[in-house]
Q: 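Below is a structure I'd like to ask you about.
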Amino acid sequence: MKLQNDLLIRAAKGEPVERTPVWLMRQAGRILPEYRAVRNQLSGFIELAKTPERAAEVTIQPVDILGVDAAIIFSDILVVPEAMGLPYEMIEKKGPFFPQTISTDADFKKLKKADVASDLGYVTEAIRLVKKELNGRVPLIGFAGAPWTIFCYMVEGHGSKTFSKARRMLYQDPMMADQLLQLITDSTIDYLKAQVAAGADIVQVFDSWAGILPPEQYKRYSLSSIQQICDAITEVPVTVFAKGAFSARQDMRHLNCETIGLDWCMDIQNSRRLIGENKTLQGNLDPCALYASDAEIEKATQHMLDQFGQSRHIANLGHGVYPDTKPEKVKVFINTVKAYSADLRAKAQV
Ligand code: CP3
């Protein structure tokens with residue numbers, strides 16, 4: 001199926017585009033009343049994610065309602081540990097919770113490599129449904145958590161400011177940490193390959209907790225597994241978003257991926273220098289900018305576009321959109337990207 005709007009894919013590959021493509025991390029769900037209406041008909045997030053017809057519906061909502069240039073499959077990064085044998089719950093207003101965690105060898109031995117066909121078939125089925133319903137309107141983004149970020153949740157059991165239990169394992173039992181990270185990496189590669197086979201046009205790896213490791217540990221325990229994933233996914237472009245990975249930007253230029261995501265604290269020009277010209281950059285407006293007046297949002301978005309320049313950029317926020325953001329404000333951001341980036345290119349041609 002040929003894509004009618006393939007701006008995102010062309011931008012990822014470094015091909016010319018008429019305007020900068022735009023989408024938002026965490027655009028599916030969270031901010032839309034239409035999402036909450038669907039969710040309220042079910043028992044909660046997990047049931048919604050496991051019901052392919054409904055997951056497909058909320059995946060497409062932001063395309064129709066917000067006008068983004070891509071859909072991202074509605075799921076969560078934590079479906080991978082569940083498929084490895086560690087089920088999770090999503091506690092209202094608090095976030096994910098794992099009743100069992102990994103701290104001893106015996107815990108580790110109970111895990112298995114995810115069997116994607118039997119345990120994650122609901123995700124690939126949702127992808128198939130979305131692709132059918134989108135009918136080529138925009139590309140579909142598949143995703144997974146980076147092994148380090150998944151490791152954090154499997155060891156800690158829930159969100160944390162420091163993930164000190166997860167980081168403690170790197171000092172007390174580095175061998176087990178390596179083994180666990182490898183099992184997550186192997187599971188993630190199979191999972192992403194299955195998403196691509198089902199129709200994902202590009203995939204993104206979310207390393208949300210990249211920023212809590214010192215540089216050497218980040219290289220050893222996170223970047224090395226991200227590299228394995230990038231090397232394995234050759235069928236579609238890959239985006240790596242490592243939040244807070246300031247120290248790793250220079251090394252990231254060597255990853256076998258097309259796009260690097262920047263968070264809002266990363267200086268755009270400095271990041272471009274560190275990462276080089278051969279990658280597309282994605283991001284990076286401060287999600288809090290969407291609480292400003294429309295005029296201020298326009299100004300901040302234009303300033304961001306000026307800094308990224310007109311090639312190799314995918315517009316996004318510097319992290320997921322915050323749940324209490326008004327959809328109208330998101331539209332101001334999206335419409336500004338579309339109009340201003342088209343304008344800049346038109347002006348560059350005269
Ligand atoms: O981008 C999208 O809209 C697609 C869907 C998506 C979800 N989670 C749905 C979700 C994606 C890409 C994720 C990724 C994810 N999940 C990350 C990486 C990105 C990031 O934000 O750093 C992380 C760390 C998680 C783990 C997770 N899931 C947490 C910490 C929470 C609770 C807090 C929160 O973010 O809402 C979730 C729950 C979750 N994942 C919800 C949704 C729509 C909210 C559940 C609900 O509707 O009640």
Side-chain angles (χ1 to χ4, degrees), residues 1-13 15 17 21-29 32 35 38 45-46 48-80 82-83 114-146 186-206 229-241 256-259 261 280 282 314 316:
M1 159 74 60
K2 198 171 162 350
L3 290 168
Q4 291 143 41
N5 172 350
D6 64 349
L7 288 167
L8 182 97
I9 305 301
R10 279 192 278 141
K13 291 179 175 165
E15 294 169 11
V17 282
V22 56
W23 69 282
L24 277 81
M25 290 187 277
R26 311 300 296 273
Q27 69 187 19
L32 295 177
Y35 163 75
V38 174
F45 169 79
I46 292 182
L48 174 50
K50 288 186 173 171
T51 310
E53 294 75 18
R54 306 319 298 268
E57 187 181 342
V58 299
T59 298
I60 295 173
Q61 281 176 348
V63 178
D64 293 333
I65 300 166
L66 302 172
V68 283
D69 291 309
I72 178 163
I73 189 67
F74 184 83
S75 183
D76 198 84
I77 61 169
L78 301 175
V79 300
V80 169
E82 180 170 70
D115 181 338
V116 177
S118 66
D119 298 326
L120 292 165
Y122 61 92
V123 181
T124 47
E125 178 58 22
I127 290 178
R128 279 189 200 93
L129 292 176
V130 170
K131 285 295 288 182
K132 211 166 118 197
E133 278 169 49
L134 277 178
N135 200 20
R137 271 196 291 157
V138 291
L140 175 63
I141 304 168
F143 72 89
D186 295 340
S187 302
T188 303
I189 288 172
D190 284 2
Y191 179 47
L192 288 174
K193 279 191 176 287
Q195 292 186 42
V196 173
D201 298 288
I202 177 170
V203 296
Q204 174 158 327
V205 178
F206 285 89
I229 295 171
C230 291
D231 289 344
I233 307 298
T234 50
E235 305 85 348
V236 297
V238 176
T239 299
V240 175
F241 172 63
N256 228 329
C257 69
E258 282 66 23
T259 302
T280 294
Q282 177 172 276
I314 295 167
N316 206 309

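Heads up: numbering here begins at 1 and tracks the sequence. Note: hydrogens, waters and symmetry copies are ignored here, and every other heavy atom, side chains too, is used. All values derive from a computational prediction rather than experimental measurement.
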Q: Shortest non-hydrogen contact from Gly145 to Thr188?
A: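 Where Gly145 meets Thr188 most closely, the heavy atoms are O-CG2, 4.0 Å.
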
Q: Under a 4.5 Å cut-off applied to non-hydrogen side-chain atoms, are Val68 and Val138 in contact?
A: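 No, every pair of side-chain atoms sits at 4.5 Å or beyond.
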
Q: What I'd like to find out is whether the side chain of Phe74 reaches to under 4.5 Å of the side chain of Arg54, using heavy atoms alone.
A: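 They are not in contact (no side-chain heavy atoms under 4.5 Å apart), so the answer is no.
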
Q: Would you say that Arg137 contacts Asn5 through its side chain, given a criterion of any heavy-atom pair below 4.5 Å between the two side chains?
A: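 A side-chain contact under 4.5 Å is absent here.
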
Q: Decide side-chain contact (heavy atoms from CB on, under 4.5 Å) for Val196 and Val203; before the verdict, give the C-alpha distance in whole Å, the side-chain angles of both, and the deciding distance to 0.1 Å.
A: CA-CA 8 Å; Val196 173; Val203 296; 3.9 Å; yes

Q: So, does Thr280 use its side chain to make a donor-acceptor pair with the main chain of Thr259 at under 3.5 Å?
A: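 No: the side chain of Thr280 does not pair with the backbone of Thr259.
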
Q: Who passes ring-ring contact (aromatic ring centres under 6.0 Å, His included) against Tyr191, sequence neighbours left out?
A: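 With sequence neighbours excluded, Tyr191 shows a ring-ring contact (aromatic ring centres under 6.0 Å, His included) to no residue whatsoever.
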
Q: Using modelled atom types and a 3.5 Å cut-off, is there a donor and acceptor pairing between side-chain atoms of Glu258 and backbone atoms of Ala12?
A: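 Not confirmed, Glu258 side chain does not pair with Ala12 backbone.
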
Q: At their closest point, which heavy atom of Ile141 faces which heavy atom of Ala70, and how far apart are they?
A: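 Looks like CD1-CB, 3.7 Å.
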
Q: Does any N or O in the side chain of Gln4 come within less than 3.5 Å of the main-chain N or O of Asn135, such that one atom is a donor and the other an acceptor?
A: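 Looks like yes, one N/O pair under 3.5 Å.
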
Q: When you compare the side chain of Thr239 with that of Cys257, does any pair of heavy atoms fall below 4.5 Å?
A: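 Cys257 does not reach Thr239 side chain to side chain.
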
Q: With sequence neighbours left out, write down each residue that passes side-chain hydrogen bond (donor to acceptor under 3.5 Å, both in side chains) with Ser118, or none if nothing qualifies.
A: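 Once residues adjacent in sequence are excluded, the partners of Ser118 under the side-chain hydrogen bond (donor to acceptor under 3.5 Å, both in side chains) criterion are Asp115.
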
Q: So, Gln61 and Gln27: side-chain donor and acceptor under 3.5 Å apart, yes or no?
A: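 Short answer, no.
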
Q: Would you mind listing every salt bridge (Lys or Arg N to Asp or Glu O under 4.0 Å) that reaches into residues 65-74, with sequence neighbours excluded?
A: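 Only Arg19-Asp69 qualify under salt bridge (Lys or Arg N to Asp or Glu O under 4.0 Å).
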
Q: Mind checking what makes salt bridge (charged side-chain N to carboxylate O under 4.0 Å, His left out) contact with Glu235, not counting sequence neighbours?
A: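 Partners of Glu235 by the salt bridge (charged side-chain N to carboxylate O under 4.0 Å, His left out) criterion, ordered by chain and then number, come out as Lys193.
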
Q: Distance-only criterion, 3.5 Å: show the donor-acceptor pairs between side-chain atoms of residues 123-134 and protein atoms not counting sequence neighbours.
A:
| unit_1 | atom_1 | unit_2 | atom_2 | d |
| --- | --- | --- | --- | --- |
| Thr124 | OG1 | Gly121 | O | 3.0 |
| Lys131 | NZ | Asp201 | OD1 | 3.2 |
| Lys131 | NZ | Asp201 | OD2 | 2.9 |

Q: Kindly indicate whether the side chain of Phe143, heavy atoms from C-beta on, has any atom under 4.5 Å from the side chain of Phe241.
A: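 Answer no - side chains too far apart.
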
Q: For the residue pair Leu8 and Ile202, establish whether any side-chain heavy-atom pair is separated by less than 4.5 Å.
A: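 Heavy-atom side-chain distance check passes, below 4.5 Å.
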
Q: By salt bridge (charged side-chain N to carboxylate O under 4.0 Å, His left out), which residues pair with Asp186, not counting sequence neighbours?
A: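 Salt bridge (charged side-chain N to carboxylate O under 4.0 Å, His left out) check on Asp186 returns nothing, list empty.
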
Q: When rounded to the nearest 0.5 angstrom, what is the spacing between CG in Leu140 and OG1 in Thr59?
A: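 Reported to 0.5 Å precision, the distance equals 7.0 Å.
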
Q: To the nearest 0.5 Å, how far apart are CE in Met25 and CD in Gln204?
A: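 Reported to 0.5 Å precision, the distance equals 6.0 Å.
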
Q: Please report the interatomic distance CG(Leu66) to CH2(Trp23), rounded to the nearest 0.5 Å.
A: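 Those atoms lie 13.0 Å apart.
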
Q: Can you find a pair of side-chain heavy atoms, one from Ile189 and one from Leu192, that are under 4.5 Å apart?
A: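 Ile189 vs Leu192: side chains apart.
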
Q: Which pair of heavy atoms, one from Ala114 and one from Ser187, lies closest together, and at what distance?
A: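 Closest approach of Ala114 to Ser187, heavy atoms only: N-OG, 3.0 Å.
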
Q: Taking the six-membered ring where the residue is Trp, are the ring centres of Tyr35 and Phe45 under 6.0 Å apart?
A: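 No, the ring centres sit 6.0 Å or more apart.
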
Q: Do Val22 and Asn316 touch side chain to side chain, with heavy atoms closer than 4.5 Å?
A: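 A side-chain contact under 4.5 Å is absent here.
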
Q: Report the C-alpha distance between Tyr122 and Thr51 in whole Å, list the side-chain angles of each, state the deciding distance to 0.1 Å, and finish with yes or no for side-chain contact (heavy atoms from CB on, under 4.5 Å).
A: CA-CA 7 Å; Tyr122 61 92; Thr51 310; over 6 Å; no

Q: Do NZ/NE/NH1/NH2 and the carboxylate oxygens of Lys13 and Asp6 come within less than 4.0 Å?
A: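 No, Lys13 and Asp6 are not salt-bridged.
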
